[in-house]
Amino acid sequence: MKLVTAVIKPFKLDDVKTGLKDIGVVGMTVTEVRGFGRQGGHTETYRGTEYQVDFLPKVKVEAIVEDGDVEGVVEALVAAARTDKIGDGKVWVTSVDELVRIRTGERGADAV
Amino acid sequence: MKLVTAVIKPFKLDDVKTGLKDIGVVGMTVTEVRGFGRQGGHTETYRGTEYQVDFLPKVKVEAIVEDGDVEGVVEALVAAARTDKIGDGKVWVTSVDELVRIRTGERGADAV
Amino acid sequence: MKLVTAVIKPFKLDDVKTGLKDIGVVGMTVTEVRGFGRQGGHTETYRGTEYQVDFLPKVKVEAIVEDGDVEGVVEALVAAARTDKIGDGKVWVTSVDELVRIRTGERGADAV
Amino acid sequence: MEPGDIAWVLVSAALVLFMTPGLALFYGGMDRSRNVLNMLMMNFWCLLIVPIVWVIAGFSLAYSGSGSFIGNLDWTLLSDLGIAAEDAGGDGGKLILAAIFLGMFAVITPALISGAVADRMKFSAWAIFVPAWILLVYCPVSFWIYGGVWGDGLTGWLGVRGSLDFAGGTVIHVNAGIAALAAVLLLGKRKGWPREGHPPHSMPLVMLGTGILWFGWFGFNAGSAFAANGTAIQAFMNTFLAAAAGGLVWGVVERIKDGHFTNLGVASGIVAGLVAITPGAGYVSGMSPIWIGAAAGLICAFAVRLKFKAGYDDALDVVGVHFVGGLIGSLLIGLFADPEFFGAEFEAGLLNGGGIGLLVEQFIANAVTIVFSFIVTALILLAIKAAIGIRVSDEEEDSGLDVSQHAETAYNVGEVTMGRG
Amino acid sequence: MEPGDIAWVLVSAALVLFMTPGLALFYGGMDRSRNVLNMLMMNFWCLLIVPIVWVIAGFSLAYSGSGSFIGNLDWTLLSDLGIAAEDAGGDGGKLILAAIFLGMFAVITPALISGAVADRMKFSAWAIFVPAWILLVYCPVSFWIYGGVWGDGLTGWLGVRGSLDFAGGTVIHVNAGIAALAAVLLLGKRKGWPREGHPPHSMPLVMLGTGILWFGWFGFNAGSAFAANGTAIQAFMNTFLAAAAGGLVWGVVERIKDGHFTNLGVASGIVAGLVAITPGAGYVSGMSPIWIGAAAGLICAFAVRLKFKAGYDDALDVVGVHFVGGLIGSLLIGLFADPEFFGAEFEAGLLNGGGIGLLVEQFIANAVTIVFSFIVTALILLAIKAAIGIRVSDEEEDSGLDVSQHAETAYNVGEVTMGRG
Amino acid sequence: MEPGDIAWVLVSAALVLFMTPGLALFYGGMDRSRNVLNMLMMNFWCLLIVPIVWVIAGFSLAYSGSGSFIGNLDWTLLSDLGIAAEDAGGDGGKLILAAIFLGMFAVITPALISGAVADRMKFSAWAIFVPAWILLVYCPVSFWIYGGVWGDGLTGWLGVRGSLDFAGGTVIHVNAGIAALAAVLLLGKRKGWPREGHPPHSMPLVMLGTGILWFGWFGFNAGSAFAANGTAIQAFMNTFLAAAAGGLVWGVVERIKDGHFTNLGVASGIVAGLVAITPGAGYVSGMSPIWIGAAAGLICAFAVRLKFKAGYDDALDVVGVHFVGGLIGSLLIGLFADPEFFGAEFEAGLLNGGGIGLLVEQFIANAVTIVFSFIVTALILLAIKAAIGIRVSDEEEDSGLDVSQHAETAYNVGEVTMGRG
Ligand SMILES: Nc1ncnc2c1ncn2[C@@H]1O[C@H](COP(=O)(O)OP(=O)(O)O)[C@@H](O)[C@H]1O
Ligand SMILES: Nc1ncnc2c1ncn2[C@@H]1O[C@H](COP(=O)(O)OP(=O)(O)O)[C@@H](O)[C@H]1O
Ligand SMILES: Nc1ncnc2c1ncn2[C@@H]1O[C@H](COP(=O)(O)OP(=O)(O)O)[C@@H](O)[C@H]1O
């Protein structure tokens with residue numbers, strides 16, 4: 001099994017959720033994160049003092065999928081999250097050694 | 001070394017912490033996340049407009065453990081987090097290439 | 001490619017960001033987390049009732065880097081995050097099978 | 001004036017001042033967290049610019065002289081509004097007190113509109129819109145209904161015809177509500193609306209705002225008696241009961257229709273009830289405020305759903321609550337007005353032994369206000385649009401108006417905030 | 001009534017109205033974030049239903065006629081409460097003003113109970129409980145102590161015996177506090193209590209609520225003079241000092257016992273001091289309010305810990321603060337009452353040259369109230385339990401009452417919120 | 001006193017009480033989330049300890065007798081401050097009313113200082129500092145300006161010389177502002193300042209606090225007329241206009257200099273305007289309050305940037321807003337004072353036909369206050385430092401003062417909070 005992780009723009013979450021559901025992904029875990037990258041940040045001003053905001057709000061989506069589904073999931077993710085503007089984010093894939101469903105104790109692919 | 005990750009119901013965090021401590025896990029890192037899965041969400045209503053809340057509050061627990069402890073940790077996690085109701089969450093295991101304790105620079109198993 | 005993950009003290013984030021930028025890391029993703037470890041927590045009191053706060057605020061930094069850069073990044077992270085006091089946190093490295101830049105679809109090292 | 005009357009009107013003025021921050025929180029809590037500061041600032045802007053415009057010219061245009069349509073310039077720059085401290089027991093300072101008290105109303109009226117244009121209006125456009133609207137819409141409409149009352153007697157043409165508006169149902173709520181409609185039609189919908197949802201980012205702020213509004217509204221309505229007398233007492237009671245009835249009925253409608261008794265529904269109903277009792281607060285008695293509040297709660301609970309059908313993006317339901325609620329309350333005076341109870345000379349409502357006359361006058365006053373306000377509001381906005389534009393860019397809308405318009409973020413609670421540049 | 005007196009009582013009524021949203025925030029901030037909207041709504045429900053019940057029948061039952069135990073129906077539906085606007089200088093509107101001012105007290109009294117039943121009571125059960133409790137508990141107890149004062153003179157049996165309750169120590173705080181105890185005993189403990197902790201989800205809300213309560217309490221106590229006179233002034237001073245002393249002493253107790261001077265401790269002590277001075281606000285003078293506030297701060301700081309020993313889950317300490325604080329304040333009148341200072345006719349306290357008589361009467365009035373309120377409250381809740389149940393299901397409790405009872409979420413600040421269905 | 005006057009002063013006192021929680025939220029919102037409860041408690045501490053100190057000795061020292069420099073002990077423990085309820089129409093209770101109203105000012109004055117010392121002062125040191133500062137700084141300075149006015153007539157040496165301070169520009173804002181400077185110089189900078197940024201953790205709290213402050217300031221200024229008369233009306237109008245002008249100008253300065261019209265800028269400007277009009281609220285008329293507020297908005301917007309150049313860490317700009325704003329307002333009386341308008345006997349300002357005399361007196365009164373307050377404040381803090389220290393440890397500063405000083409956390413909104421120990 002593989003863990004597919006995507007860091008995306010927050011307002012794309014709905015599209016990503018729908019995109020993944022459409023190709024049969026039934027579960028995912030989402031985290032609010034802050035991203036630093038080429039996109040750069042913006043400046044805020046409080047009583048004349050400038051603050052540089054380097055970390056921009058992003059959303060991290062994690063989905064564990066079977067090995068054979070990885071490519072499809074990555075493509076769906078990219079398609080759904082893309083706005084063609086800087087800061088769209090990344091998708092990466094890592095290997096999962098073992099997976100368990102807590103409720104049932106099922107393991108491996110059955111647990112997805 | 002392995003990284004054991006669990007996504008659990010928030011109110012189970014205390015039990016999980018205790019369960020892991022009991023078998024000798026001395027450290028863990030916890031993140032507030034939102035989960036999408038079979039459990040489904042609920043509906044909220046604001047001035048007559050319905051909103052679908054698909055992402056439910058979950059807590060992610062990450063603990064790095066030595067290879068030999070993985071099975072015990074997974075079992076303790078499952079035992080502590082289980083309510084037998086849908087949405088109990090998942091546990092998964094990935095491989096860690098290297099670990100360093102920042103304070104001392106210790107590496108590998110010493111750093112756990 | 002490798003994913004370098006660090007759990008650090010929150011007020012060290014600025015130093016870590018600068019440290020990583022200095023050695024050429026151009027992107028990272030940051031998450032607010034809570035850590036449990038040797039550092040222990042503190043006690044709060046509300047109307048005479050004591051509460052034990054075991055989970056302390058930490059920040060998780062994730063950066064994907066090319067294999068050859070891993071050692072340098074780890075060292076920079078440790079150097080920047082170190083205060084020599086308990087609770088400084090950990091750095092760990094895991095393997096990434098694949099990486100995609102959403103905006104362009106670039107893959108692998110080009111996508112970093 | 002008696003010290004007791006001065007005390008009551010001063011307190012009432014302070015209460016009405018407090019309503020605008022209350023409204024800001026009420027709206028701000030309903031907004032998304034990335035736009036809340038823009039919402040607060042649209043309201044605070046009214047607190048900054050309107051008092052200045054008011055004392056320079058607004059008060060004079062809205063109240064001075066004895067014309068039918070508009071005031072003269074006698075009271076500009078507060079001239080000719082004398083006081084003499086030792087003369088407090090006489091009428092010393094009465095006009096200054098009026099300028100204060102009525103100035104508070106002028107502040108909050110354009111602030112009401114901000115809820116409709118949320119999340120997409122350029123702040124610079126809003127900054128120009130507010131004083132223009134005060135001078136070109138609010139002052140004339142006020143004069144039509146109240147002109148002359150602070151001089152030798154009522155001369156405003158709608159007031160003279162016999163329409164009633166105790167504390168500003170037509171002048172304030174119908175007027176601002178229809179202006180809000182004009183504004184959202186010109187501004188267009190927010191990106192993603194109505195597909196994308198915008199749940200309130202902080203309901204406790206909304207409920208705090210509701211509490212402040214109700215509290216302040218006692219000054220708004222009962223202070224409009226401009227004395228601490230029986231009319232003030234009854235206006236206070238009416239305000240109390242109509243708010244309760246409005247919140248109760250809106251809550252029950254939601255309970256029946258959608259299954260739950262919600263905080264936002266109750267808050268909306270309380271405000272609807274308060275809006276509806278405003279025009280009649282000093283004209284109705286007994287159980288009438290309950291019927292007026294209940295009618296507003298019932299009808300407005302449905303009216304806020306209209307925008308989805310009609311397709312105008314009235315973000316926080318200014319049309320559905322203030323326009324509709326104000327109109328209901330104003331028309332219901334035609335049924336419930338009770339001159340006998342107050343021992344005062346105004347026409348009785350249909351249900352209190354009067355004829356249809358008052359109802360007709362209420363209808364005329366509101367119709368005239370609606371047409372005038374809609375057209376002039378639209379013209380003002382078209383002019384601003386031609387000059388500098390009225391809507392933020394797509395990127396600004398996406399990143400939120402707090403950052404794009406004000407370079408600020410509402411909440412910096414977490415550990416990952418920002419470093420100095 | 002004089003305009004000055006009318007002005008003061010109107011303002012006081014507005015202040016007391018504002019206390020209920022203040023109380024909602026005070027309690028809501030202490031609650032967990034998943035139940036805060038239910039807490040707000042339990043309070044706002046009182047703002048909606050009590051005014052209606054009050055003018056229909058409550059005011060009449062609590063105050064009309066000249067019986068010993070309960071009012072008659074003379075003032076139902078506000079009948080026979082005339083005003084005449086021009087008559088403000090006489091007594092025109094006095095009864096309507098009383099109905100308003102006392103109505104505010106009726107609103108907040110059941111609201112006090114909500115803090116005890118937090119996190120587990122069915123909202124529908126609460127919705128029925130509130131009006132039933134007003135009619136069956138609050139109106140009779142009010143009459144026993146105050147019956148007749150708005151007519152030809154005091155006739156309520158406890159009042160006639162000589163017990164004193166200036167602004168509602170017995171009628172409001174002891175009464176609501178003991179009812180809260182009955183309610184939590186019937187409802188049972190929250191899941192996980194006391195093992196699981198419930199730290200306040202937003203201390204700034206708690207402190208804001210505390211500020212609003214103190215502010216409003218000046219209306220509560222000093223407004224109860226029903227005139228802007230020397231008694232009002234002294235009641236105001238007493239309210240100021242007792243709150244400060246209560247907060248100071250509670251804070252110091254925590255500093256000594258637990259090591260820190262906490263915000264929650266200070267907030268609790270301020271409220272305890274305000275509760276305790278309520279019954280005697282118009283009867284004590286000089287440094288007495290400091291002793292009364294300090295006594296409440298000291299004793300209540302310990303009383304809130306009792307629930308862990310006794311095993312009743314009084315979630316936000318209504319018993320420990322309102323019941324205990326109200327009782328302390330009411331009994332201490334027996335020591336500190338000072339008729340000479342006020343130039344008024346009531347019995348002097350033990351320390352001011354009086355006998356034990358007043359203390360005995362205070363004891364009797366509270367004992368009677370405690371027994372009656374406890375029993376009738378329990379009966380009302382048992383009836384509701386039999387009819388529709390009083391406690392939410394386990395799942396509803398787990399998921400939080402905001403979602404389960406009101407289909408709302410308090411905060412939607414982050415990026416991952418919700419889409420429209 | 002007339003009931004109307006009593007009513008107005010009582011309401012004003014309640015409004016000023018409410019300002020301190022408002023100030024707490026204003027400051028607390030600007031602070032970081034880990035220090036907000038410490039900030040709230042520094043303010044609430046003033047609400048607890050000052051009333052007690054005030055009635056024991058403060059009021060007497062600040063106002064009794066007929067000396068030039070300090071009061072006597074005639075009114076300690078509230079002795080000799082009688083009322084007689086029936087005598088309310090006469091002067092019964094006037095002194096108690098004064099003790100109340102002026103006590104509210106004593107509460108908020110040291111609270112102002114808390115904004116400067118934020119994030120690093122030991123709470124125990126603050127706890128001792130406040131009452132010491134009231135007795136050693138605030139009472140004498142008050143007496144110099146107002147001593148004797150509640151007895152047989154003004155005898156305080158600065159007041160007798162002819163300096164004017166209607167509601168406390170010198171006594172409160174300049175005094176607290178310069179004390180704040182002394183305090184931050186002794187305390188030293190916060191760790192990381194000015195490199196590390198401290199953006200406000202909750203701007204909605206800041207704006208709520210601003211709203212409460214403005215609302216309460218009507219009581220502060222217009223209540224200082226101590227009657228509901230023409231002076232109160234004009235002071236109210238002045239307060240309204242100066243706040244608006246201050247906020248407007250500060251906002252515009254930021255718009256021009258930094259590119260945006262910010263909420264924090266507007267909030268700061270409103271407060272600066274309010275501060276500046278305080279000393280002259282009952283002495284100026286017409287458009288003058290606009291010029292005074294605008295001057296404060298303009299100058300303070302630059303003054304808050306001084307600290308970066310001068311290197312003192314005035315965390316929330318108490319010096320830049322209260323000291324500078326108070327001084328501006330106090331000196332501008334020398335230009336704008338208008339005795340004719342008020343029909344009262346005080347010197348006219350330069351622009352109203354007076355000579356330079358009043359300006360000189362204003363200058364002297366402020367200079368004396370600045371020197372005295374700076375020195376005595378520093379001495380008090382040095383004494384406390386020697387005894388118990390005034391600054392928290394590095395670890396306490398890092399972990400935040402909420403946890404280290406009060407064992408509390410402001411927000412527990414998420415799912416990962418805490419378990420009972
Ligand atoms: N090397 C990296 N490791 C981890 N996360 C990264 C890395 N580079 C970028 N990111 C994440 O992706 C987001 C977008 O990256 P950015 O460089 O701004 O634009 P783009 O994705 O268009 O190249 C960042 O905000 C950050 O969250
Ligand atoms: N494929 C997946 N990848 C990542 N997280 C998942 C996946 N499936 C489920 N989850 C996480 O587990 C939680 C519980 O899953 P769900 O399907 O609702 O119930 P169950 O665990 O009982 O099967 C989800 O809310 C989500 O956070
Ligand atoms: N085994 C572990 N797995 C995951 N995270 C850990 C582990 N041990 C510690 N951590 C994280 O590192 C932080 C610091 O660890 P701690 O034991 O307190 O001190 P130190 O890093 O100095 O050994 C913890 O708060 C936690 O977030």
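All values derive from a computational prediction rather than experimental measurement.
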> So Val266(E) and Trp45(F), side chain to side chain contact (heavy atoms under 4.5 Å, CB included) or not? Walk me through it.
Replying inline: CA-CA 9 Å; Val266(E) 164; Trp45(F) 175 250; over 6 Å; no
Contact part of [X] toward chain F, heavy-atom cut-off under 4.5 Å: side chain, backbone, both or neither?
X	result
Phe261(E)	both
Arg34(E)	side chain
Thr210(E)	side chain
Ile233(E)	both
Phe236(E)	both
Leu264(E)	both

> Using the ring of each side chain (for Trp, its six-membered ring), is Phe18(F) parallel, tilted or perpendicular to Phe215(E), with breaks at 30° and 60°?
Replying inline: parallel
> Where on Ala24(F) is there a heavy atom nearer than 4.5 Å to chain E: the side chain, the backbone, both, or neither?
Replying inline: neither
>> Under the rule for side chain to side chain donor-acceptor pair (under 3.5 Å), what residues qualify as partners of Thr109(F), not counting sequence neighbours?
In response: none
Relative to chain E, which of [options] shows the most heavy atom pairs under 4.5 Å?
options	value
Ile49(F), Thr20(F), Leu40(F)	Leu40(F)
Met104(F), Glu408(F), Gln405(F)	Glu408(F)
Leu47(F), Leu10(F), Leu81(F)	Leu10(F)
Ala410(F), Gly4(F), Pro21(F), Ala407(F)	Ala410(F)
Val50(F), Val9(F), Ile52(F), Val107(F)	Ile52(F)

> Considering residues at least two apart in sequence or located in another chain, which fulfil the ring-ring contact (aromatic ring centres under 6.0 Å, His included) criterion with Trp8(E)?
Replying inline: none
Does the side chain of [X] reach to within under 4.5 Å of the side chain of [Y], using non-hydrogen atoms?
X	Y	result
Met41(F)	Thr262(E)	no
Val413(F)	Val36(E)	no
Pro204(E)	Leu205(F)	yes
Met203(E)	Tyr411(F)	no
Met287(E)	Val55(F)	yes
His260(E)	Phe123(F)	no

>> Would you say CZ of Arg255(E) has more than 12 non-hydrogen atoms from neighbouring residues, nucleotides or ligands within 6.0 angstrom?
In response: no
>> Within a 6.0 Å radius of atom CH2 on Trp291(E), are there more than 12 heavy atoms belonging to other residues, nucleotides or ligands?
In response: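 Check fails, neighbour count at 12 or below.
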> Checking side chain to side chain contact (heavy atoms under 4.5 Å, CB included) for the pair Leu17(F)/Trp217(E): CA distance, chi angles, key distance, verdict?
Replying inline: CA-CA 11 Å; Leu17(F) 182 288; Trp217(E) 223 296; over 6 Å; no
>> Donor-acceptor check, side chain of Asn263(E) to backbone of Leu37(F), threshold 3.5 angstrom: yes or no?
In response: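 Side chain of Asn263(E) to backbone of Leu37(F), a donor-acceptor pair under 3.5 Å: yes, one is there.
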>> Pair Leu78(F), Leu241(E) - check side chain to side chain contact (heavy atoms under 4.5 Å, CB included), show working.
In response: CA-CA 12 Å; Leu78(F) 296 177; Leu241(E) 294 178; 4.2 Å; yes
> What residue, out of Ala222(E), Ser285(E), Ser33(E), has the most heavy-atom pairs lying under 4.5 Å from chain F?
Replying inline: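 Option with the greatest count: Ser33(E).
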> Quick one: CE on Met237(E) to CD1 on Ile100(F), what's the gap to the nearest 0.5 Å?
Replying inline: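 Separation between the atoms: 5.0 Å.
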>> Rounded to the nearest 0.5 Å, what separates atom CD1 in Ile290(E) from atom CD1 in Ile56(F)?
In response: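 Output value for this atom pair is 6.0 Å.
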>> Working note: Phe44(F) + Ile270(E), criterion side chain to side chain contact (heavy atoms under 4.5 Å, CB included); need CA distance, chi angles, decisive distance, verdict.
In response: CA-CA 10 Å; Phe44(F) 270 81; Ile270(E) 289 171; 3.8 Å; yes
